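Values in this document were obtained by computation on a predicted structure and should not be read as measured data.
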Amino acid sequence: MEATTSVLLHSRTTPFGFGLTSTPKKLSVKHFDKHLLNHRPNLKPAIRTPSSSVFYQKRARTHLLSPLNCSYSNTTSPDSSQNPLLKPFKNLSVDSLKTDLLKLTPFDVIKWSGVLSIAIAATKWTVNLVLNPFFWMYFSWTWLFWPWFVAVALACYGLYCFRKHSLGEANIFEQLAVVTSVFTWLTLVPPAHFNGYLEGWPFVFFFVYHYFFFFNVSVRKRLYGDYYAREHDPKWDISTPKWHRLLFCIGVMVGHWLAALEGPELHRIPGGWSNFGVWILIVVTLLMQYNSTLYLAKYSEKVVVPTAVVQFGPYRWVRHPIYASTMLLFAIYCVALRAPLSLLFLVAVCLVYYEQKVKLEEALMVETFGEGYTEYATKVKHKFIPFVY
């Protein structure tokens with residue numbers, strides 16, 4: 001029996017080996033993997049004698065690249081051929097559609113018929129409006145000066161930002177959006193609604209209101225370098241009940257709409273030197289608000305907590321010049337639009353609200369400063385209007 005030596009070259013991909021016999025011309029190459037043998041019926045394993053020996057080579061990486069692990073499958077991934085847009089129609093069939101229609105109740109039929117009718121009518125109205133040349137002429141004049149859709153969108157965004165502000169999550173831009181939306185519906189929307197366009201004083205007061213009500217924020221920027229309020233004793237966050245504040249806001253809004261309704265059309269309001277007194281009042285109001293806020297901040301800690309009784313600047317004439325300047329600003333708006341009855345209404349709304357708030361503030365001032373504030377109140381008798389009230 002001839003001696004045979006078998007050598008196995010091990011590979012992670014395809015193990016194979018070859019046999020050596022004593023006969024010099026006899027060489028056999030064969031697979032030692034039974035799995036491969038099953039798939040190759042023409043290959044026959046070599047007959048090994050008891051004297052044959054097999055030498056296995058240890059696994060050793062003699063190259064830098066790892067061996068390839070390849071696999072083949074004739075099945076496709078279930079998600080590769082699916083379109084997300086077609087998923088609702090995957091199980092759609094005539095039978096399923098018939099079943100869904102049989103489940104409809106008379107109420108469902110009426111509801112969806114109404115929705116379909118409204119959709120068809122809205123589409124027809126939109127097409128006719130877009131193709132109508134008179135619409136574009138109206139758009140080029142009225143909508144250019146007063147785009148209602150912008151005002152409504154700004155109001156919705158302002159309500160959203162106000163909700164975030166009430167939760168303490170609004171940033172500077174969102175706080176500005178709240179103020180801008182409010183001033184838009186105070187100074188711009190009412191005249192635009194009653195006149196169909198805008199010109200003159202509404203634009204002026206839109207920017208004056210912004211400048212006026214941002215004095216408090218600008219003082220923080222001047223003193224601290226940013227616009228954020230500092231932490232302070234919460235007892236100084238004096239506020240009236242919520243329904244008082246709500247009624248005050250409604251009253252101010254109604255007063256501005258009444259002024260736009262009462263006043264003449266915007267193009268009939270005289271200009272030129274006849275409005276010189278209005279400009280003087282605007283400047284006086286702005287200076288009064290700015291000086292009041294600045295003096296109060298100088299004698300206050302963190303702009304909110306007073307450290308002394310302020311008796312300088314506008315505080316020499318009235319005890320609450322900030323509230324007085326706010327009432328004066330609303331009054332000037334009515335004067336500019338030539339609406340005297342609305343002026344009286346706005347002043348009355350402010351007096352009722354500020355009177356309730358002043359009682360709380362002055363009680364806290366007396367509690368904090370005692371006789372110092374009592375003497376000041378005796379010396380400066382008027383709260384809002386010099387020599388009047």
Side-chain angles (χ1 to χ4, degrees), residues 146 151-152 154-159 161-163 165-166 175-195 198 201-217 237-263 266 278 281-282 284-286 288-290 292-293 318 320-361 383-385 388-389:
W146 184 241
V152 174
L154 183 60
C156 295
Y157 183 68
L159 291 174
C161 294
F162 178 75
R163 179 180 175 276
H165 177 67
S166 62
Q175 295 179 29
L176 179 62
V178 174
V179 176
T180 301
S181 62
V182 171
F183 293 159
T184 299
W185 282 82
L186 282 178
T187 61
L188 298 181
V189 175
H193 175 72
F194 293 112
N195 292 272
L198 284 176
W201 285 117
F203 288 117
V204 173
F205 280 95
F206 176 74
F207 293 103
V208 169
Y209 275 38
H210 276 82
Y211 194 58
F212 180 88
F213 285 98
F214 270 95
F215 277 139
N216 190 17
V217 180
D237 294 330
I238 302 171
S239 60
T240 57
K242 289 184 178 180
W243 68 274
H244 284 188
R245 287 176 283 170
L246 180 61
L247 290 177
F248 173 70
C249 295
I250 294 175
V252 171
M253 183 66 72
V254 171
H256 282 74
W257 279 78
L258 289 177
L261 175 63
E262 180 187 357
L266 295 177
V278 177
L281 290 175
I282 291 175
V284 170
T285 304
L286 294 176
M288 183 178 179
Q289 168 75 358
Y290 181 75
S292 302
T293 306
V318 290
H320 303 279
I322 295 178
Y323 300 152
S325 60
T326 304
M327 287 190 291
L328 182 58
L329 179 66
F330 293 158
I332 296 172
Y333 177 81
C334 296
V335 171
L337 295 185
R338 275 59 174 178
L341 297 179
S342 302
L343 185 153
L344 297 176
F345 176 81
L346 276 172
V347 171
V349 169
C350 292
L351 286 176
V352 171
Y353 174 73
Y354 287 138
E355 180 66 28
Q356 301 298 322
K357 193 172 183 180
V358 159
K359 288 181 180 179
L360 301 175
E361 292 181 355
K383 298 179 181 178
F384 308 111
I385 304 174
V388 178
Y389 181 75

(message) Can you classify the ring geometry of Tyr323 versus Phe384 as parallel (below 30°), tilted (30 to 60°) or perpendicular (above 60°)?
(response) tilted
(request) For the residue pair Tyr333 and His256, categorise the inter-ring angle as parallel (less than 30°), tilted (30 to 60°) or perpendicular (more than 60°). (result) tilted
Taking atom [atom1] of [X] and atom [atom2] of [Y], what is their separation to the nearest 0.5 Å?
{"X": "Thr187", "Y": "Leu198", "atom1": "OG1", "atom2": "CG", "value": "8.5 Å"}
{"X": "Leu328", "Y": "Gln289", "atom1": "CG", "atom2": "CD", "value": "10.5 Å"}
{"X": "Leu329", "Y": "Phe213", "atom1": "CG", "atom2": "CZ", "value": "6.0 Å"}
{"X": "Ile238", "Y": "Leu360", "atom1": "CD1", "atom2": "CG", "value": "6.5 Å"}
{"X": "Phe330", "Y": "Phe345", "atom1": "CZ", "atom2": "CZ", "value": "12.0 Å"}
{"X": "Leu154", "Y": "Phe183", "atom1": "CG", "atom2": "CZ", "value": "12.0 Å"}

Shortest non-hydrogen contact from [X] toward [Y]:
{"X": "Ala331", "Y": "Leu343", "value": "O-CD1, 3.4 Å"}
{"X": "Pro190", "Y": "Thr184", "value": "CD-O, 4.5 Å"}
{"X": "Val347", "Y": "Met327", "value": "O-SD, 4.3 Å"}
{"X": "Ser181", "Y": "Ala155", "value": "CB-CA, 4.4 Å"}
{"X": "Leu266", "Y": "Asn195", "value": "N-OD1, 3.1 Å"}
{"X": "Ile332", "Y": "Val278", "value": "CG2-CG1, 4.0 Å"}

(request) Not counting sequence neighbours, which residues clear salt bridge (Lys or Arg N to Asp or Glu O under 4.0 Å) with Lys357? List them please. (result) none
(request) Could I get the full list of salt bridge (Lys or Arg N to Asp or Glu O under 4.0 Å) partners for Glu361, not counting sequence neighbours? (result) none
(message) Can you list everything that forms a ring pair (Phe, Tyr, Trp, His ring centres under 6.0 Å) with His165? Sequence neighbours excluded, please.
(response) none
(message) Once ring pair (Phe, Tyr, Trp, His ring centres under 6.0 Å) is applied, do any residues pair with Phe214, and if so which ones, sequence neighbours excluded?
(response) none
List the atom pairs, with distances to 0.1 Å, where a side-chain N or O of residues 334-342 and a protein N or O form a donor-acceptor pair under 3.5 Å, not counting sequence neighbours.
from, atom 1, to, atom 2, distance (Å)
Arg338, NH1, Asn275, OD1, 3.2
Arg338, NH1, Ala336, O, 2.9
Arg338, NH2, Asn275, OD1, 3.0
Ser342, OG, Leu258, O, 3.2
Ser342, OG, Ala259, N, 3.0
Ser342, OG, Glu262, OE1, 2.8

For residues 240-249, which side-chain donor-acceptor pairs fall under 3.5 Å, sequence neighbours excluded?
from, atom 1, to, atom 2, distance (Å)
Arg245, NE, Thr240, O, 3.2

(message) Within the 4.5 Å heavy-atom criterion, are Phe212 and Phe205 side-chain neighbours or not?
(response) no
(request) Indicate whether any N or O donor in one side chain lies under 3.5 Å from an N or O acceptor in the other, for Thr180 and His210. (result) yes
(request) Using the side-chain contact (heavy atoms from CB on, under 4.5 Å) rule, take Tyr290 and Tyr211 through it: C-alpha gap first, then chi angles, then the decisive distance, then the call. (result) CA-CA 10 Å; Tyr290 181 75; Tyr211 194 58; over 6 Å; no
(request) Please assess Val182 against Tyr209 for the test side-chain contact (heavy atoms from CB on, under 4.5 Å), listing each intermediate value before the final yes or no. (result) CA-CA 10 Å; Val182 171; Tyr209 275 38; over 6 Å; no
(request) Give a yes or no on this: more than 12 heavy atoms of other residues, nucleotides or ligands lie within 6.0 Å of atom CZ of Phe162. (result) no
